[in-house]
Amino acid sequence: MVGPVGLVVFGLIAYPLFSALYMSLTDKAIGAAGSFVGLGNFAALLRDSIFLQALRNAALYTIVAVAIKAVAGLGLAVALAALGERAAVLRALLLLPWVVPVSITALAWWWMFDPMFSVINWVLRAIGLQDAGIPWLADSTWARVAVILVNVWRGLPFFATVFLAGLLSIPREFYEAAETDGAGPVQSFVRVTLPLMRPILSLVVLYSTVMTVADFEIIYILTRGGPLNRTHLFATYAFQVGLEGTLIGRGAAIVLWMFPVLVVASYLTLRIVRRGEEYG
Amino acid sequence: MVLTSLKTNRELYDLSAVPLWIREGVTVEHYELLLRRSPFVTWLRNSMVVSVVTTCITVTAAVPGAYAIARMSFPGQGALSLAVFLGYLVPPTLLFVPLAQVVAALGLMDRLWALVVTYPTFTVPFSTWLLTGYLKGIPRELEESAQVDGASRVRALVSVVLPVAAPGVVTVVLFSFTLAWGHMIYALAFVSRSAQKVLPVGLLTELVRGDVFYWGALMAGAVVSALPILLLYGLFRRGFVAGLTAGATKL
């Protein structure tokens, strides 16, 4: 009964992961066998300015996007919880950016960031904020803003909905007790809500950190890593080097830089879940 | 944020309108271009095939797997359960390089089947994990009484447990389908022949030729691609929310 699951988990996830580990130690190219080069790929990457740029981009992208999603998501969840059932329609609509695959919605964003016809610039002009128009994807700083914006737009519903479920599972009595003890709304948020929400907050942040650092679609569709490689992440750079550039060993080494993030996140996740005594 | 999300989705439906409304009447020419002069219909069919087959594989693997993890005891159970959970955390982008080797070794490069083989890597762990949690929440007595009444274990699973677990299975189906429908990196990496492309890749790679962007057709394509998912979402909103919050509500 566990055959198929085992096959997928061990054959198609664990085995490729290990083979990536081995490949990263070779100079394999597509169509050529490749020989063992030890840590050569990793060393070469540390001298590769584009890779170092990607490393910095990934750190910036992940930290900023996850932080915004966590804070805004919590705020949104609190607002939705306060509105209760009146916000049912809002809740349904809120999920749309997350439900529709980002590979499709990013196409719409691409159009909205278009230098000539950008709807966003049109609106900014219409309300008199910005006359010249923002060169969304052409300028390296704005391009970073744009990809983070889309990542937040996409991920926020996930954060808000999960946080909302967490908020609603906190028993009323806790708040009543806090109120009797003379706690104001801010105090009960800090003393009751936050501590009780900590496991959920941490789990969502950890999961999102892994998925954000491993992002591909948004970058590939909107910028392909440009301008000046300022938006490259591990996956997009690995795709460029490993598949388009056929240096598959080097590509494997690039994606493996994400591995430590995964290990740390998995470890912390397991610890939290184990404390909750259940992970499956 | 809510405003932006609303606007964007409306934007998807506001085809050739520059910028927020349709000024010069509605046109279907983009859809015509899409349907008549691009392989769009083929991509749509490919996407359907890949998503449906992936979903079937996922359910076939996840239901018995989750049942075994939740209910039976066998050597390596803890390890498998842990592996499923960790597999859920592995992002697809970490695997595309080595999976390219696996696909090549299987002789599936540039074929739709490459996707059917690799998509379960992101649907199966999640589905198994979700269903395991779901099955653990169903009282054991239910199937034990069925077994006392003379039903075999498999029969008890099929006729007693599965009907109760139906919402979990529906969630798994929705998620697998949606994930497979929108997935991009494997599709981009393993398939480059036009006739074997799936929707997101086809739209991105073939409706942009050099500097010529077929924006109208591209947006029309995005609308058509989003429709099946929106339809599913409209019908089974609870399933989506259940899947989304599966990890959180258990704590």
inquiry  = Counting only non-hydrogen atoms closer than 4.5 Å, does B/A62 touch chain A with its backbone (N, CA, C, O), its side chain (CB onward), both, or neither?
reply    = backbone
query = Which atoms of B/P125 come close to chain A, meaning under 4.5 Å heavy atom to heavy atom: side chain ones, backbone ones, both, or neither?
reply = side chain
task = Against chain B, label A/F163 side chain, backbone, both or neither, depending on which of its atoms sit under 4.5 Å from a heavy atom there.
result = neither
message = Need one label for B/V90: side chain, backbone, both or neither, based on atoms under 4.5 Å from any heavy atom in chain A.
response = both
inquiry  = Are A/I218 and A/D215 packed together at the side-chain level, in the sense that at least one heavy-atom pair is separated by less than 4.5 angstrom?
reply    = yes
request  = Determine whether B/S81 and B/T132 make a side-chain contact, defined as any pair of heavy atoms from C-beta on separated by less than 4.5 Å.
outcome  = no
key: Where B/L203 and B/W43 come nearest, the two heavy atoms and their spacing   = N-CZ3, 3.8 Å
query = Can you check whether B/V84 reaches B/I69 side chain to side chain, under 4.5 Å on heavy atoms?
reply = yes
inquiry  = Is B/V102 close to chain A through its backbone or its side chain, or both, or neither, when contacts mean heavy atoms under 4.5 Å?
reply    = side chain
query = Based on non-hydrogen pairs under 4.5 Å, which of A/A72, A/S24, A/S19, A/S266 is most in contact with chain B?
reply = A/S266
ask   = Quick one: what part of A/V99 sits under 4.5 Å from any heavy atom of chain B, side chain, backbone, both or neither?
value = both
remark   = When the 4.5 angstrom heavy-atom criterion is applied to A/L262 and chain B, the contacting part is side chain
message = If I take atom CG from residue A/L80 and atom CZ from residue A/R91, how far apart are they, to the nearest 0.5 angstrom?
response = 6.5 Å
request  = Could you look at B/F96 and say if it's the side chain, the backbone, both or neither that has a heavy atom under 4.5 Å from chain A?
outcome  = side chain
inquiry  = Using the rule ring pair (Phe, Tyr, Trp, His ring centres under 6.0 Å), only one of B/F126, B/F175, B/F122 pairs with B/Y88; which is it?
reply    = B/F126
note = Whatever's closer than 4.5 Å to a heavy atom in chain A on B/S225 counts as both
note = Looking only at B/L86, B/V124, B/T118, the option with the highest number of non-hydrogen pairs under 4.5 Å against chain A is B/V124
B/L94 portion near chain A, given a 4.5 angstrom heavy-atom threshold = both
ask   = So do B/L231 and B/L227 actually touch side chain to side chain, heavy atoms under 4.5 Å?
value = no
Heavy-atom side-chain contact between A/P101 and B/H183 under 4.5 Å = no
ask   = Heavy atoms, side chains only, cut-off 4.5 Å: are B/S127 and B/S176 in contact?
value = yes
note = Scored by heavy-atom pairs under 4.5 Å with chain A, the best of B/L95, B/L131, B/L174 is B/L95
key: Residue part contacting chain B, namely of A/Y15, when any heavy atom lies under 4.5 Å   = side chain
ask   = Any side-chain heavy atom of B/V198 within less than 4.5 Å of one from B/W181?
value = no
note = Assert top hit (heavy-atom pairs under 4.5 Å, partner chain A, pool B/G234, B/A189, B/G87) equals B/A189
